[in-house]
Amino acid sequence: MNKFVALMRRYVCDYTNRHDFSVCDEIMVPNYTLHMGTYNLSGRDTQYKPATNKQFQQFPGLGLTVNQIVTNGSRLCMRFSEHGASMRHDGALASWGGIGLYKWDGERLTENFVEQDYYSRREQLASGRPKPVETPALAPWDTVAEPANNQAETVVRDVLQHRDLTEIENVVCDDAWTGSPLQRVLRPQGATIDDLFSAGEQVAFRIKQTGTLLEDFAGAEPRWANRPVFLHMTGLVTVRDGRIVAGRVIRDRLGLLRRLQAA
(Lines give C-alpha, C1' and ligand atoms only; values in the text may rest on other atoms or scores of the structure.)
Protein backbone atom coordinates (compact mmCIF):
# COMPACT_ATOMS: atom_id res chain seq x y z
CA MET A 1 0.00 0.00 0.00
CA ASN A 2 1.21 3.50 -0.83
CA LYS A 3 2.53 5.11 2.36
CA PHE A 4 0.51 8.34 1.98
CA VAL A 5 -2.65 6.35 1.24
CA ALA A 6 -2.00 4.20 4.32
CA LEU A 7 -1.79 7.36 6.41
CA MET A 8 -5.14 8.52 5.03
CA ARG A 9 -6.67 5.16 5.88
CA ARG A 10 -5.74 5.82 9.49
CA TYR A 11 -7.20 9.33 9.16
CA VAL A 12 -10.52 7.96 7.88
CA CYS A 13 -10.92 4.66 9.73
CA ASP A 14 -9.08 5.13 13.02
CA TYR A 15 -9.59 8.84 13.65
CA THR A 16 -12.65 10.27 11.88
CA ASN A 17 -15.03 7.32 11.86
CA ARG A 18 -14.11 6.30 15.41
CA HIS A 19 -13.99 9.92 16.68
CA ASP A 20 -10.69 9.05 18.37
CA PHE A 21 -8.67 12.21 18.94
CA SER A 22 -5.73 10.25 20.32
CA VAL A 23 -4.99 9.17 16.75
CA CYS A 24 -4.52 12.82 15.74
CA ASP A 25 -1.30 12.98 17.72
CA GLU A 26 0.07 10.07 15.69
CA ILE A 27 -1.00 11.20 12.21
CA MET A 28 -0.75 15.02 12.42
CA VAL A 29 2.12 17.35 13.30
CA PRO A 30 1.53 19.72 16.27
CA ASN A 31 1.22 22.77 13.97
CA TYR A 32 -1.20 21.02 11.59
CA THR A 33 -3.18 23.67 9.68
CA LEU A 34 -6.63 23.40 8.10
CA HIS A 35 -7.86 25.97 5.58
CA MET A 36 -11.62 26.04 4.93
CA GLY A 37 -13.50 29.03 3.60
CA THR A 38 -12.07 32.10 5.33
CA TYR A 39 -10.87 30.04 8.30
CA ASN A 40 -7.26 29.03 8.88
CA LEU A 41 -7.07 26.75 11.91
CA SER A 42 -3.40 26.40 12.85
CA GLY A 43 -2.53 24.12 15.75
CA ARG A 44 -3.60 20.50 16.08
CA ASP A 45 -4.47 20.71 19.76
CA THR A 46 -5.36 24.39 20.19
CA GLN A 47 -7.59 24.99 17.18
CA TYR A 48 -8.17 21.89 15.03
CA LYS A 49 -9.33 19.45 17.70
CA PRO A 50 -11.78 21.88 19.40
CA ALA A 51 -13.37 22.79 16.04
CA THR A 52 -13.74 19.14 15.02
CA ASN A 53 -15.11 18.20 18.44
CA LYS A 54 -18.03 20.60 17.85
CA GLN A 55 -18.86 18.64 14.70
CA PHE A 56 -18.76 15.35 16.60
CA GLN A 57 -21.01 16.78 19.30
CA GLN A 58 -23.58 17.91 16.75
CA PHE A 59 -23.29 14.63 14.80
CA PRO A 60 -22.36 11.99 17.41
CA GLY A 61 -22.62 9.23 14.82
CA LEU A 62 -20.92 11.16 12.01
CA GLY A 63 -19.32 8.98 9.39
CA LEU A 64 -16.98 9.64 6.47
CA THR A 65 -17.21 7.73 3.18
CA VAL A 66 -14.34 7.97 0.69
CA ASN A 67 -15.50 8.66 -2.87
CA GLN A 68 -12.10 9.02 -4.55
CA ILE A 69 -8.40 9.32 -3.74
CA VAL A 70 -5.62 10.51 -6.05
CA THR A 71 -1.97 11.01 -5.18
CA ASN A 72 1.37 11.69 -6.81
CA GLY A 73 3.24 10.43 -3.76
CA SER A 74 4.03 13.84 -2.29
CA ARG A 75 0.48 15.24 -2.42
CA LEU A 76 -2.94 13.63 -1.99
CA CYS A 77 -6.53 14.65 -2.74
CA MET A 78 -9.49 12.93 -1.12
CA ARG A 79 -13.06 13.38 -2.31
CA PHE A 80 -15.45 12.29 0.41
CA SER A 81 -18.95 12.41 1.85
CA GLU A 82 -19.81 13.04 5.48
CA HIS A 83 -23.18 12.01 6.86
CA GLY A 84 -25.06 11.68 10.11
CA ALA A 85 -27.93 12.78 12.34
CA SER A 86 -27.83 16.30 13.83
CA MET A 87 -28.68 16.57 17.52
CA ARG A 88 -29.31 20.30 16.98
CA HIS A 89 -32.12 19.44 14.56
CA ASP A 90 -33.96 16.69 16.48
CA GLY A 91 -32.01 13.95 14.75
CA ALA A 92 -32.54 15.20 11.18
CA LEU A 93 -30.32 13.40 8.65
CA ALA A 94 -27.93 14.87 6.11
CA SER A 95 -25.18 13.85 3.72
CA TRP A 96 -22.80 16.35 2.16
CA GLY A 97 -19.72 16.29 -0.05
CA GLY A 98 -16.19 17.54 0.50
CA ILE A 99 -12.83 17.70 -1.23
CA GLY A 100 -9.54 18.01 0.66
CA LEU A 101 -6.00 18.61 -0.61
CA TYR A 102 -3.48 17.20 1.88
CA LYS A 103 0.21 17.80 2.53
CA TRP A 104 2.52 15.64 4.66
CA ASP A 105 6.15 15.47 5.76
CA GLY A 106 6.60 11.84 4.79
CA GLU A 107 5.24 10.60 8.12
CA ARG A 108 2.40 12.85 9.32
CA LEU A 109 -0.11 15.30 7.87
CA THR A 110 0.95 18.95 7.92
CA GLU A 111 -1.76 20.91 6.09
CA ASN A 112 -5.14 20.58 4.38
CA PHE A 113 -7.08 22.84 2.00
CA VAL A 114 -10.68 21.62 2.15
CA GLU A 115 -14.22 22.70 1.42
CA GLN A 116 -17.42 20.95 2.49
CA ASP A 117 -20.91 21.56 1.14
CA TYR A 118 -22.40 23.01 4.32
CA TYR A 119 -24.92 24.94 2.23
CA SER A 120 -26.52 21.68 1.14
CA ARG A 121 -26.27 20.28 4.66
CA ARG A 122 -28.16 23.27 6.02
CA GLU A 123 -30.93 22.85 3.42
CA GLN A 124 -31.28 19.15 4.21
CA LEU A 125 -31.49 19.68 7.97
CA ALA A 126 -34.07 22.44 7.54
CA SER A 127 -36.26 20.50 5.10
CA GLY A 128 -35.95 17.06 6.67
CA ARG A 129 -35.13 15.64 3.21
CA PRO A 130 -31.62 14.17 3.26
CA LYS A 131 -29.55 13.57 0.13
CA PRO A 132 -28.10 10.11 -0.58
CA VAL A 133 -24.48 9.34 0.20
CA GLU A 134 -22.38 9.62 -2.93
CA THR A 135 -21.09 6.35 -4.41
CA PRO A 136 -18.10 5.10 -2.40
CA ALA A 137 -14.77 4.34 -4.05
CA LEU A 138 -14.40 0.63 -4.76
CA ALA A 139 -10.83 0.32 -3.50
CA PRO A 140 -9.54 3.66 -2.16
CA TRP A 141 -6.73 2.07 -0.15
CA ASP A 142 -5.33 0.42 -3.26
CA THR A 143 -4.78 3.76 -5.00
CA VAL A 144 -1.34 3.97 -6.59
CA ALA A 145 0.68 7.14 -7.08
CA GLU A 146 0.64 8.72 -10.53
CA PRO A 147 3.33 11.19 -11.68
CA ALA A 148 2.63 14.91 -11.76
CA ASN A 149 1.49 16.27 -15.13
CA ASN A 150 2.62 19.82 -15.88
CA GLN A 151 0.60 20.06 -19.09
CA ALA A 152 -2.62 19.14 -17.30
CA GLU A 153 -1.86 21.69 -14.59
CA THR A 154 -1.39 24.42 -17.19
CA VAL A 155 -4.78 23.63 -18.73
CA VAL A 156 -6.53 23.84 -15.37
CA ARG A 157 -4.77 27.05 -14.31
CA ASP A 158 -5.92 28.73 -17.52
CA VAL A 159 -9.53 27.61 -16.99
CA LEU A 160 -9.59 28.70 -13.34
CA GLN A 161 -8.32 32.17 -14.16
CA HIS A 162 -10.25 32.86 -17.36
CA ARG A 163 -13.37 30.68 -17.57
CA ASP A 164 -16.45 29.62 -15.59
CA LEU A 165 -16.27 26.05 -14.27
CA THR A 166 -20.06 25.82 -14.06
CA GLU A 167 -20.25 26.10 -17.85
CA ILE A 168 -17.91 23.17 -18.55
CA GLU A 169 -19.68 19.96 -19.50
CA ASN A 170 -19.44 17.09 -17.00
CA VAL A 171 -18.08 19.27 -14.19
CA VAL A 172 -20.48 18.70 -11.29
CA CYS A 173 -20.69 21.25 -8.48
CA ASP A 174 -21.86 20.67 -4.91
CA ASP A 175 -25.00 18.47 -4.68
CA ALA A 176 -26.01 18.80 -8.34
CA TRP A 177 -24.96 15.15 -8.81
CA THR A 178 -28.21 14.14 -7.06
CA GLY A 179 -30.33 15.79 -9.73
CA SER A 180 -30.64 19.11 -7.94
CA PRO A 181 -30.33 22.04 -10.36
CA LEU A 182 -26.84 23.47 -10.69
CA GLN A 183 -26.74 26.77 -8.86
CA ARG A 184 -24.72 29.53 -10.47
CA VAL A 185 -23.42 31.91 -7.85
CA LEU A 186 -21.29 34.60 -9.41
CA ARG A 187 -20.04 35.96 -12.69
CA PRO A 188 -16.30 35.10 -12.50
CA GLN A 189 -13.71 37.78 -13.06
CA GLY A 190 -10.61 35.94 -11.88
CA ALA A 191 -9.19 33.64 -9.25
CA THR A 192 -6.34 33.31 -6.78
CA ILE A 193 -4.97 29.77 -6.78
CA ASP A 194 -4.18 28.74 -3.20
CA ASP A 195 -3.13 25.19 -4.06
CA LEU A 196 -2.93 23.04 -7.18
CA PHE A 197 -1.25 19.74 -8.04
CA SER A 198 -1.68 16.84 -10.43
CA ALA A 199 -1.48 13.05 -10.46
CA GLY A 200 -1.66 11.63 -13.96
CA GLU A 201 -4.72 13.09 -15.68
CA GLN A 202 -6.25 14.25 -12.39
CA VAL A 203 -5.72 17.83 -11.18
CA ALA A 204 -6.76 19.01 -7.71
CA PHE A 205 -7.09 22.66 -6.77
CA ARG A 206 -8.30 25.14 -4.20
CA ILE A 207 -9.05 28.70 -5.30
CA LYS A 208 -10.56 31.97 -4.15
CA GLN A 209 -12.74 33.08 -7.06
CA THR A 210 -13.76 36.72 -7.46
CA GLY A 211 -16.64 38.18 -9.44
CA THR A 212 -20.07 39.78 -9.18
CA LEU A 213 -23.05 38.11 -7.52
CA LEU A 214 -25.78 36.72 -9.74
CA GLU A 215 -29.44 37.39 -8.94
CA ASP A 216 -30.36 33.71 -9.00
CA PHE A 217 -28.11 32.75 -6.07
CA ALA A 218 -30.68 31.16 -3.74
CA GLY A 219 -31.01 32.95 -0.44
CA ALA A 220 -29.56 36.19 -1.75
CA GLU A 221 -31.63 39.36 -1.78
CA PRO A 222 -32.21 41.16 -5.11
CA ARG A 223 -30.42 44.26 -3.81
CA TRP A 224 -27.21 42.24 -3.58
CA ALA A 225 -27.10 41.49 -7.32
CA ASN A 226 -23.90 42.57 -9.09
CA ARG A 227 -22.13 43.14 -5.77
CA PRO A 228 -18.39 42.22 -5.87
CA VAL A 229 -17.94 38.96 -3.95
CA PHE A 230 -15.50 36.09 -3.53
CA LEU A 231 -16.09 32.36 -3.28
CA HIS A 232 -13.76 29.61 -2.07
CA MET A 233 -13.86 26.22 -3.77
CA THR A 234 -11.92 22.98 -4.06
CA GLY A 235 -12.08 20.68 -7.05
CA LEU A 236 -10.78 17.53 -8.68
CA VAL A 237 -10.93 17.48 -12.48
CA THR A 238 -9.86 15.12 -15.26
CA VAL A 239 -7.78 16.55 -18.12
CA ARG A 240 -7.58 14.64 -21.39
CA ASP A 241 -6.43 15.79 -24.84
CA GLY A 242 -5.74 19.29 -23.55
CA ARG A 243 -9.12 19.97 -21.98
CA ILE A 244 -11.16 19.30 -18.85
CA VAL A 245 -13.51 16.40 -19.59
CA ALA A 246 -14.97 15.77 -16.11
CA GLY A 247 -14.75 17.05 -12.58
CA ARG A 248 -16.21 17.51 -9.13
CA VAL A 249 -16.24 20.87 -7.36
CA ILE A 250 -17.28 21.89 -3.84
CA ARG A 251 -17.98 25.58 -3.25
CA ASP A 252 -18.32 27.47 0.03
CA ARG A 253 -21.77 28.83 -0.78
CA LEU A 254 -22.76 29.03 2.88
CA GLY A 255 -19.75 31.15 3.75
CA LEU A 256 -20.61 33.56 0.94
CA LEU A 257 -24.24 33.78 2.06
CA ARG A 258 -23.23 34.51 5.63
CA ARG A 259 -20.85 37.27 4.52
CA LEU A 260 -23.64 38.85 2.49
CA GLN A 261 -26.06 38.68 5.43
CA ALA A 262 -23.48 40.11 7.83
CA ALA A 263 -22.73 42.99 5.47
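A quick note: this is a predicted structure, and the numbers were derived from the prediction, not measured.
For the atom pair CG (L260) and CZ (R227), the distance works out to 6.0 Å, reported to the nearest 0.5 Å. One distance of note links CZ of F4 with OH of Y102; it measures 9.0 Å at 0.5 Å rounding. The OG1 atom of T234 sits 10.5 Å away from atom CG of D195, with the distance rounded to the nearest 0.5 Å. Within the model, atoms CZ of F205 and CG of L196 stand 8.0 Å from one another, a figure rounded to the nearest 0.5 Å. A distance of 11.0 Å separates CZ in R108 from CE in M28, rounded to the nearest 0.5 Å.
Side-chain contact between R259 and F230 is present, with at least one heavy-atom pair separated by less than 4.5 Å. Contact annotation: the side chain of L186 approaches that of Q209 to within less than 4.5 Å [non-hydrogen atoms, C-beta and beyond]. E146 places a side-chain heavy atom less than 4.5 Å from the side chain of V144. Within the 4.5 Å cutoff, no side-chain heavy atoms of Q47 are placed close to those of L34. Using a 4.5 Å heavy-atom cutoff, the side chains of V237 and Q202 are not in contact. Looking at heavy atoms from C-beta onward, K49 lies in side-chain contact with D25 at the 4.5 angstrom threshold.
Of the candidates T166, D117, D174, D174 is the only one forming a side-chain hydrogen bond (donor to acceptor under 3.5 Å, both in side chains) with R251.
Proximity of the aromatic rings of W141 and Y11 is defined here by a centroid distance below 6.0 angstrom, and this criterion is not met.
The aromatic rings of Y15 and F56 stand perpendicular to each other, their planes meeting at an angle above 60°, with 30° marking the opposite boundary.
A single hydrophobic cluster is seen to contain both V156 and V249, as judged by linkage of ILVMFWY side chains at heavy-atom distances under 4.5 Å, directly or through other members.
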